[in-house]
Amino acid sequence: MNHSVISKFPHLLHGADYNPEQWLRYPDIVQKEDIELMQKAGINCVSLGIFSWAALEPKEGEYDFQWMDETIDRLYYAGIRVNLATPSGAKPLWLSEKYPEVRRVSKNLVRDLSGERHNHCYTSPVYREKVQKLDRMLAQRYAAHPGVILWHISNEYGGECYCPLCQAAFRKWLKKKYGSLENLNHAWWTYFWSHQYTDWEQIHAPVPNGEMSVHGLVLDWKRFVTHQTVNFMKGEIDAVKSVEPDLPVTTNLMGFYDGLDYHKFADALDIVSWDNYPLWHNNDPIGVASFAACSHDLMRSIKRQPFLLMESSPSVMNWTDVSKQKRPGMHLLSSMQAVAHGADSVMYFQWRKSRGSFEKFHGAVVGHDGTADTRVFREVTQVGSYLEKLDPLVLKTEVMPEVAVLYDWENRWAIEESRGPRNCGIHYLETVVKHHRAFWEQGIQVDLPDMDADLSQYRLIVAPMLYLYRGSIAEKLKQFVENGGTLVGTYWSGIVNDTDLCYLGKTPGDGMSDVFGLVIEETDALYDGQKNFMVTSNDFMLQKSYEVTELCDVVHLNGAKALAVYGDDYYKGSPAFTLNHYGKGRAYYIAARLESSFYRSFYSFLADKLKLSRALAIDLPYGVTAHRRTGEQDLVFVENYNDSEASMVLPSEMRDVMTGEPVSKLTLPPFGVRILTE
Ligand code: GLA
Ligand code: ZN
């Protein structure tokens, strides 16, 4: 038994986006070379049909499925499965010309012309009808095919539409949410500048030459965009599932993309997948690795299940400022990083480099030379051989973090759209990643749930900059601590409720001031480059003083005790880091933004104190990390992101999964990775 939800093919997937519709005039390529090369590279699955609408329906109501019939059969007989896409990511010109309403309207209220992609109106009844009709036809024709194992619904949903249909749908959504304009006016505090709404028709999406200062409006618009996108996606899912309910669905997400709240996609999807394009080998290589790790963890946390890496580049991206090649080893390392964090696949954009247009210089498994005789092809083949070896093992393991670092899109939107205390950069996302990194460096797996999640299973919850409280988050955190959990909160937390109205009374609001045993009295902000410091005599912290930047809460204690105090300015000597015992648990409060070494020593202290499991019970060298997938047989991935060798002595003898050799002292080459088991 394994955990895969892809019942027709419960294996690790090694695959790529495949676009034979671009190559129909090159029969040798699609009928022969592609298949041979795929087999050679160990490809067992391709994503097909993502941008094929015009090839499938060249004219309205005229269909051509022959090329797709042949492709799916040919792949299947070669042992290659298909992740079949619905084609809504790009519109054929006959459609966008005949029905202008399917084209998106931008913020300036100008409708797009035909062309490009990912730019349909997600409300348009015409677009929904046309795409769902084709989705159903695809399902009727292919869902029962033994080679079709999964639906790839659309492609990278994203962006916003400001057309009249979307504005009307927004008003309807608001009516349902607030019931009356009185409620809405209060929730949005529209009394400010005399902007009370007296008619629903006066409500318009926030735009720069209209209303942007009513923060409740801005926040609700972003929520609506997620709602409407999920609703559009559900329409597509219902269409394919109405034919064959058992074929699982995914859609490819984009990590920390800020336009959509991906946690809200969880219920509609059978499995989460995502597209990962880190800027490897830039001037902060370890930072890039830690950010990619954090993104994988976020994607896994959406359903708290293993996910798919749907796209990654085997070499370069062409949309970056600089298209830097992955150094030898990096392709295997970055691929295994995904698996270490819970991916059940390594897939690429793209199988074959297109001959013309926008992506002709984007990385691909097969280049314009059309051969297997390239470094990229060999490194892809190596990943294929790793996945083949790992296949019987990985699918029997899970990633089971004991630590949660809360990340919440609604909080991000609210904190970034608000004015003050630091409009030059409030750095919410960077802060989340910074806290995550301290665990990553120690080889401790972390989830990134949002405020709606059940948090009771964790032993440690870190809630950085939780400015906005929504749902029952305060109650959940309170109970978590009462029952013996350890909570870490930070500055700029518990300031507003779910429509961005400030809490009246003690902050952090909604009772959390009692949990932390303190009250925030002021928040001071520092200019870029300015510093304060925090001084401490606690022996669990390695430095006597830590640098403080950006934001400093000035608090007075109400039961908590100070673990460290500020070293400078008018709040010198006042608490900068505190601990409160609450119920059976503990609540720490970090009142200011600190340098990374603080988080490293604090979370290492907490990991020891709470006996959190580390992938390897050793101090890992800088730039090296380790991650464990737990199961009957645990797998430990040891990853070196340095461009130099790294050595370590393992806590006990382990075995290399690929070679079977015993290992007790491990030396990893530059960008090296080893997979070990006990
Ligand atoms: C996205 C898209 C792909 C392709 C890649 C290029 O992830 O989904 O179609 O454009 O970017 O990096
Ligand atoms: Zn629209």
Side-chain angles (χ1 to χ4, degrees), residues 15-19 21-22 46-53 83 85-91 96 99-112 116-128 131 152-173 204-205 207 221 224-225 227-229 231-232 235 250-257 259 273-280 295 299 308-321 323-324 326 334 347-354 357-365:
D17 279 20
Y18 184 39
N19 304 107
E21 72 280 4
Q22 293 180 22
V46 296
S47 302
L48 182 71
I50 299 176
F51 298 114
S52 301
W53 195 336
N83 171 24
T86 65
S88 59
K91 317 175 284 310
S96 56
Y99 304 101
E101 72 162 59
V102 308
R103 287 188 253 133
R104 205 168 268 187
V105 169
S106 317
K107 266 192 185 156
N108 57 10
L109 302 189
V110 174
R111 197 178 286 282
D112 291 346
E116 300 296 337
R117 63 168 179 177
H118 301 163
N119 55 0
H120 62 267
C121 168
Y122 37 65
T123 303
S124 158
V126 171
Y127 199 65
R128 287 178 178 223
V131 86
H152 182 295
I153 303 291
S154 201
N155 192 65
E156 294 191 338
Y157 286 119
E160 301 173 334
C161 180
Y162 293 81
C163 81
L165 294 168
C166 286
Q167 307 272 1
F170 179 44
R171 289 180 202 117
K172 194 167 156 203
W173 181 84
H204 190 288
V207 289
W221 169 254
F224 166 76
V225 171
H227 166 86
Q228 201 69 346
T229 304
N231 184 266
F232 180 90
T250 189
T251 191
N252 49 340
L253 310 177
M254 298 179 277
F256 280 103
Y257 170 67
S273 64
W274 84 287
D275 303 341
N276 181 32
Y277 292 104
L279 307 182
W280 298 115
S295 309
M299 295 292 98
L308 299 176
L309 176 62
M310 186 59 78
E311 290 180 24
S312 59
S313 175
S315 54
V316 299
M317 285 81 76
N318 72 322
W319 44 261
T320 47
D321 286 347
S323 298
K324 196 166 186 85
K326 275 180 165 172
S334 58
M347 307 199 23
Y348 313 119
F349 181 85
Q350 49 191 330
W351 166 249
R352 182 182 281 275
K353 249 181 222 188
S354 56
S357 296
F358 188 74
E359 286 175 331
K360 61 184 182 296
F361 298 128
H362 194 287
V365 181

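Numbering of ligands and ligand atoms starts at 1, following listing order. For clarity, every value in this text was computed on a predicted model and none was experimentally measured. The figures that follow rest on heavy atoms only: side chains count, while hydrogens, waters and symmetry mates do not.
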Given atoms SG of Cys163 and SG of Cys161, what angle do they subtend at the Zn ion (ligand 2), to the nearest 10 degrees? 110°
Counting only heavy atoms from other residues, nucleotides and ligands, does the tally under 6.0 Å from NZ of Lys360 exceed 12? yes
Please work out the angle at the Zn ion (ligand 2) defined by atom SG of Cys166 on one side and atom SG of Cys121 on the other, rounded to 10°. 100°
Under the 3.5 angstrom rule, does the side chain of Glu101 hit a backbone N or O of Val126 as a donor-acceptor pair? yes
Considering only protein heavy atoms, which is closest to atom 10 (O) of ligand 1, and at what distance to one decimal place? Glu359 OE2, 2.3 Å
Mind telling me whether Trp319 and Tyr277 have parallel, tilted or perpendicular rings, with 30° and 60° as the class edges? perpendicular
Would you say Phe51 contacts ligand 1, with heavy atoms under 4.0 Å as the rule? yes
Measuring from atom 2 (C) of ligand 1, which candidate in Glu311, His118, Met317 has the nearest non-hydrogen atom? Glu311
Report the nearest protein non-hydrogen atom to atom 6 (C) of ligand 1: residue, atom name, distance rounded to 0.1 Å. His362 NE2, 3.1 Å
heavy-atom search around atom 9 (O) of ligand 1 in the protein gives Arg117 NH1, 2.9 Å
With distance as the sole test, does Asn155 use its side chain to make a donor-acceptor pair with the main-chain N or O of Gly89 at under 3.5 Å? no
Are side-chain heavy atoms of Asp275 and Leu253 found at a separation under 4.5 Å? no
As an exercise, identify every atom of ligand 1 less than 4.0 angstrom from a heavy atom of Asn155. 2 (C), 8 (O), 9 (O)
Would you check if Tyr122 and Asn231 make a side-chain contact, meaning some heavy-atom pair closer than 4.5 Å? no
Per-atom filter on ligand 1: closer than 4.0 angstrom to a heavy atom of Glu156 are 1 (C), 2 (C), 7 (O), 8 (O)
Proximal atoms of ligand 1 relative to Trp319 (non-hydrogen, under 4.0 Å): 6 (C), 12 (O)
Less than 3.5 Å apart, any donor N or O on the side chain of Glu160 or Tyr162 sitting next to an acceptor on the other? yes
